[in-house]
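Inspection log for the structure reproduced underneath, given as structure tokens.
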Amino acid sequence: MSYFDAASGAPLHPVARQALLASLDEGWADPARLYKEGRRARLLLDAAREAAAEAVGCRPDELVFTPSGTAAVHTGIAGALAGRRRTGHHLIVSAVEHSSVLHAAEVHRDGGGTVTEVPVDRTGAVRPSEFAGALRPDTALACLQSANHEVGTLQPVAEAAEACRAAGVPLLVDAAQSLGWGPVEGDWSLLTASAHKWGGPSGVGLLAVRKGVRFAPQGPRDERESGRVPGFENLPAIVAAAASLRAVRAEAAQEAVRLRELTDRIRARVPELVPDVEVVGDPERRLPGVVTFSCLYVDGETVLHELDRAGFSVSSGSSCTSSTLTPSHVLRAMGVLSEGNVRVSLPPGTEEEDVERFLGVLPGVVAGVREKLGAPVSRTETVTRERDEALVVDALGRRCPIPVIELARVIGDVPVGGLVRVLADDEAARLDIPAWCEMRGQEYVGEQPADRGAAYVVRRLS
């Protein structure tokens, strides 16, 4: 079995396992106590904090450990907003932040605050000028991830931090995906991360708050972790997280070169091997081990199941793998194809042979799924003519990728310059039909209201 979903959670690093087992014997006592066992535990905790702070690029007394990366994000956002409530209640986030950031933004909005979502381009990156333009006199906090978790695109954190610093606004950086590869550039104010993303144990997050940043911890407080994170520290997991972070950093430069070559190979060869594929994310400014692509005319959930049967663990941002049947907020913000989406994120140590085997299996998997979905309904039941001579495709009640498949089947039946109206009530059609037009050289005219769902109008150009 080839595990290609390191962006969700990396396999436990051998150093993490060793440190975890050792600290179970040595670090079980309360580090706040003054007796021998407590002092030993305190030494382990202090050493872990120093190692993590060195990797982050902050002072040890600026860093605390949290029960998860999500907890670090929520604690950091809530504390920074509360600490600057006299300045205002305006929060800035990018449209492709991790759900933990967006959920915190929803809570802030529900509590009476205001939120600006900065859009991204088709590679998934914010434009520094637009991020800077969102800053206002009442902005209390801005948030920008260091790298996107779905498509691997690196964000212009240094430029955003410079604009925030000039405006006197703290910048919180979610560095969960990138911290294992190196420190975050720029003069950021707060930083969060999660140990299971770099091969540490799950259940450990990091929150760094620079000195001078106004920060007011929310909720009940106790004496632990500078009063910012209540409860007894999970010392064995913290020690393992810090040890593995140091270990992966020592290997990062060499491993990044190797994984980037493998993902470059996937980016180049998938479109050659599989027709009608869009590779998404920035081709250059991206994480070393992440590559994401979307395949027309396939059900993303079925593709993932078939790849799993073939021995490959991958993930997807496709609406077809979601209980809500809506596209990933990242793909939607980028305006790229969402159907048949596959994210490959290679863990350190991935072998070239595994990648080659994946490239050998993928074309047959996609072709098999397309064959099963090739004739979901008969043309006589779905295609009619209206008085304006537009061809109408009724895909109401049908989920992705059926509306796009039906559009592709009938586009050749209209003359060049003719129109096709696709009736669909699947939210994914709003994203996937324009993406199909761009991929196939047709014109997307726009969306029109309909009795149910919407009518998506396409003009044939070729």
Side-chain angles (χ1 to χ4, degrees), residues 45-84 91-93 97-98 100-101 104 140-147 149 154-155 157-158 160-162 164-165 168-198 200-201 203-218 221 224-231 233-235 237-246 248-249 252:
L45 180 59
D46 289 346
R49 197 184 313 277
E50 290 177 4
E54 180 182 4
V56 169
C58 66
R59 293 168 37 166
D61 59 352
E62 294 175 329
L63 185 143
V64 297
F65 295 103
T66 66
S68 67
T70 294
V73 166
H74 292 172
T75 300
I77 291 177
L81 288 172
R84 286 176 49 82
L91 171 66
I92 297 173
V93 299
E97 293 298 309
H98 188 268
S100 60
V101 174
L141 177 67
C143 300
L144 183 63
Q145 61 192 194
S146 56
H149 49 286
L154 300 178
Q155 298 291 354
V157 171
E162 182 179 359
C164 288
R165 182 67 62 181
V169 174
L171 176 68
L172 183 148
V173 177
D174 169 19
Q177 291 295 341
S178 73
L179 191 61
W181 296 108
V184 176
E185 297 179 355
D187 195 10
W188 48 266
S189 302
L190 302 95
L191 182 142
T192 64
S194 187
H196 75 284
K197 302 291 189 180
W198 65 68
V204 180
L206 306 179
L207 170 62
V209 182
R210 299 279 198 196
K211 292 295 183 183
V213 175
R214 292 186 178 275
F215 192 90
Q218 300 301 286
R221 298 178 61 181
R224 298 182 187 275
E225 293 301 296
S226 303
R228 292 172 181 169
V229 184
E233 298 93 345
N234 184 353
L235 187 54
I238 287 172
V239 171
S244 58
L245 180 56
R246 173 177 286 180
V248 298
R249 278 290 191 83

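Note that the coordinates shown come from a computational prediction; the quantities given were computed from them, not determined experimentally. Side chains included, hydrogens not; waters and symmetry mates left out as well; all remaining heavy atoms used.
- From L81, atom CG reaches atom CZ of R214 across 14.5 Å, with rounding to the nearest 0.5 Å.
- R224 CZ: more than 12 foreign heavy atoms inside a 6.0 Å radius.
- Put simply, CD1 on I238 and OG1 on T66 are 9.0 Å apart, with the number rounded to the nearest 0.5 Å.
- Other residues, nucleotides and ligands contribute more than 12 heavy atoms inside 6.0 Å of the CZ atom of R249.
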>> For a side chain to side chain contact (heavy atoms under 4.5 Å, CB included) check, start with the C-alpha distance between I92 and V169, then their side-chain angles and the critical distance, and finish with the verdict.
In response: CA-CA 10 Å; I92 297 173; V169 174; 6.0 Å; no

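- The heavy-atom pair separating L171 from A160 by the smallest distance is CD2-C, 4.3 Å.
- The heavy-atom pair separating G57 from W188 by the smallest distance is O-CZ2, 4.4 Å.
- Taking CG from L206 and OG1 from T192, the interatomic distance works out to 8.5 Å, rounded to the nearest 0.5 Å.
- Two residues are said to be in side-chain contact when any heavy atoms from C-beta on lie closer than 4.5 Å; V209 and R228 meet this criterion.
- Residues C143 and I77 form a side-chain contact, since some pair of their non-hydrogen atoms from C-beta on lies under 4.5 Å apart.
- Taking 4.0 Å as the cut-off between side-chain N and carboxylate O, K211 and D61 count as a salt-bridged pair.
- Between G180 and L245, the shortest heavy-atom contact is CA-CD1, 4.2 Å.
- Between the OG atom in S194 and the NE2 atom in H98 there is a gap of 8.5 Å [rounded to 0.5 Å].
- Between the CH2 atom of W181 and the CG atom of L154 there is a distance of 11.5 Å, given to the nearest 0.5 Å.
- R165 approaches D187 most closely through the heavy-atom pair NE-OD2, 3.0 Å.
- Ionic pairing of R246 and E50 is not present here: no N-O contact between side-chain nitrogen and carboxylate oxygen is shorter than 4.0 angstrom.
- The closest donor-acceptor contact from the side chain of H74 to the backbone of A104 lies at 3.5 Å or more, if one exists at all.
- Residue pairs meeting the side-chain hydrogen bond (donor to acceptor under 3.5 Å, both in side chains) criterion with at least one member in residues 169-180, sequence neighbours excluded: S146-S178.
- Between A51 and A242, the shortest heavy-atom contact is CB-CB, 4.3 Å.
- S68 has its side chain out of reach of H196: every pair of non-hydrogen atoms, C-beta onward, lies at least 4.5 Å apart.
- Counting heavy atoms from C-beta on, the side chains of L190 and P170 come closer than 4.5 Å.
- L144 and E97 make their closest contact through CA-OE2, 3.3 Å (heavy atoms, listed as atom of the first residue, atom of the second, distance).
- In this structure, the separation between CD on Q155 and CD on Q145 is 5.0 Å, given to the nearest 0.5 Å.
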>> Using the rule given for side chain to side chain contact (heavy atoms under 4.5 Å, CB included), can you reason through L45 versus E233, listing the C-alpha separation, both sets of side-chain angles and the distance that settles it, and then say yes or no?
In response: CA-CA 9 Å; L45 180 59; E233 298 93 345; 4.1 Å; yes

>> I'd like to know whether F65 forms a side chain to side chain contact (heavy atoms under 4.5 Å, CB included) with V229, so could you lay out the CA-CA distance, the side-chain angles of the two residues, the decisive distance to 0.1 Å, and finally the verdict.
In response: CA-CA 7 Å; F65 295 103; V229 184; over 6 Å; no

